[in-house]
Amino acid sequence: MKEYTVQKGDTLYGISKQFGMSINSIKKLNNFTTSNLEVGQVLQIRENGSPTTYTVQKGDNLYDISKKFQIPVSELMKINNLTTDSLQIGQVLNLVQNDLAGEEEIIVMPIYENYTVKKGDDLYSIAKRFNTSVDQIIKDNNLTSNLLSIGQVLKVKIGEEEIGIEECFGEGYENLGKRYLEHTVTKGDSIYSIARNYNTTVDNIIKLNNLKNTNLSLGQVLKIKEIN
């Protein structure tokens with residue numbers, strides 16, 4: 001066993017690939033109930049030099065093997081597609097998950113709509129119209145008071161969506177990468193409305209996506225901002 005200190009940008013998926021362990025193995029080894037990590041957090045990790053397979057010997061059982069390699073019995077059964085705990089002498093067991101490609105992190109992002117303030121509008125009536133709260137509108141628009149101006153454009157939350165994000169390794173490791181929130185262009189989108197909806201800038205989106213102009217195409221996938 002060895003210890004690994006979580007660095008900025010680390011995720012369980014990236015760490016699992018770095019050390020050849022499954023996410024579930026890391027979570028169970030460290031008694032995690034969530035996938036959240038904190039910078040500076042110390043994780044217990046199996047050594048890179050640890051064997052990736054084990055050949056069953058006379059007298060072996062899953063419990064003894066799981067204890068020897070510090071892998072839960074349920075994890076061993078899952079990795080090896082076992083339906084029972086019966087073993088045969090000479091049977092080769094995988095000790096690490098070979099295919100981690102399907103694991104990704106899901107985050108929930110708010111969906112916004114732009115609303116232009118009209119005569120007679122106030123925060124309460126707008127919140128009621130969009131089934132949200134006054135506090136939410138104030139927070140999303142960084143308002144310092146309840147006063148509105150005719151023609152003022154407000155970002156109003158109208159729902160949420162789940163977005164899968166590609167994971168990466170933390171800083172200081174080979175294959176260093178970054179995680180980005182992505183947006184697929186739909187009808188009516190413009191680079192300006194997208195920037196407002198995600199509380200970023202047009203220049204930032206252009207830079208992240210190496211755009212030569214502000215023209216967008218339906219179905220185009222844009223990087224919006226780095227996720228720390």
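One side chain, His183 or Asp189, offers a donor N or O that lies under 3.5 Å from an acceptor on the other. A side-chain donor from one of Tyr115 and Asp121 sits under 3.5 Å from a side-chain acceptor of the other.
Here the OG1 atom belonging to Thr132 is positioned 7.0 Å from the CG atom belonging to Asp140, to the nearest 0.5 angstrom. The line from CD of Gln41 to CG of Leu43 is 5.5 Å long, rounded to the nearest 0.5 Å. Atom CG of Leu222 and atom OG1 of Thr200 lie 11.5 Å apart (nearest 0.5 Å).
Cluster annotation: Ile137 and Ile158 are assigned to the same hydrophobic cluster (Ile/Leu/Val/Met/Phe/Trp/Tyr, side-chain heavy-atom contacts under 4.5 Å, transitive).
For the pair Leu93/Val56, a side-chain contact is recorded, criterion being any heavy-atom separation below 4.5 Å from C-beta on. Here the side chains of Tyr192 and Thr214 are in contact, with some heavy-atom distance below 4.5 Å. Within the 4.5 Å cutoff, the side chain of Gln91 has heavy atoms near those of the Leu82 side chain. The side-chain heavy atoms of Leu148 and Leu123, taken from C-beta on, include a pair separated by under 4.5 Å. Contact annotation: the side chain of Ile205 never approaches that of Thr201 to less than 4.5 Å [non-hydrogen atoms, C-beta and beyond].
The backbone N or O of Asn215 sits less than 3.5 Å from a side-chain atom of Asn213, completing a donor-acceptor pair.
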Tyr54 and Asp60: CA distance, side-chain angles, deciding distance, side-chain hydrogen bond (donor to acceptor under 3.5 Å, both in side chains) verdict: CA-CA 11 Å; Tyr54 176 75; Asp60 277 342; 2.6 Å; yes
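Under the rule for a ring pair (Phe, Tyr, Trp, His ring centres under 6.0 Å), Tyr112 has no partner lying at least two apart in sequence or in another chain.
Within a 6.0 Å sphere centred on CG of Asn131, heavy atoms belonging to other residues, nucleotides or ligands number 12 at most. By the neighbour-count criterion of 12 heavy atoms within 6.0 Å, atom NZ of Lys118 is densely surrounded, having more than that number from other residues, nucleotides or ligands.
The minimum heavy-atom distance between Ser66 and Ile71, with the atom names listed, is CB-O, 2.7 Å.
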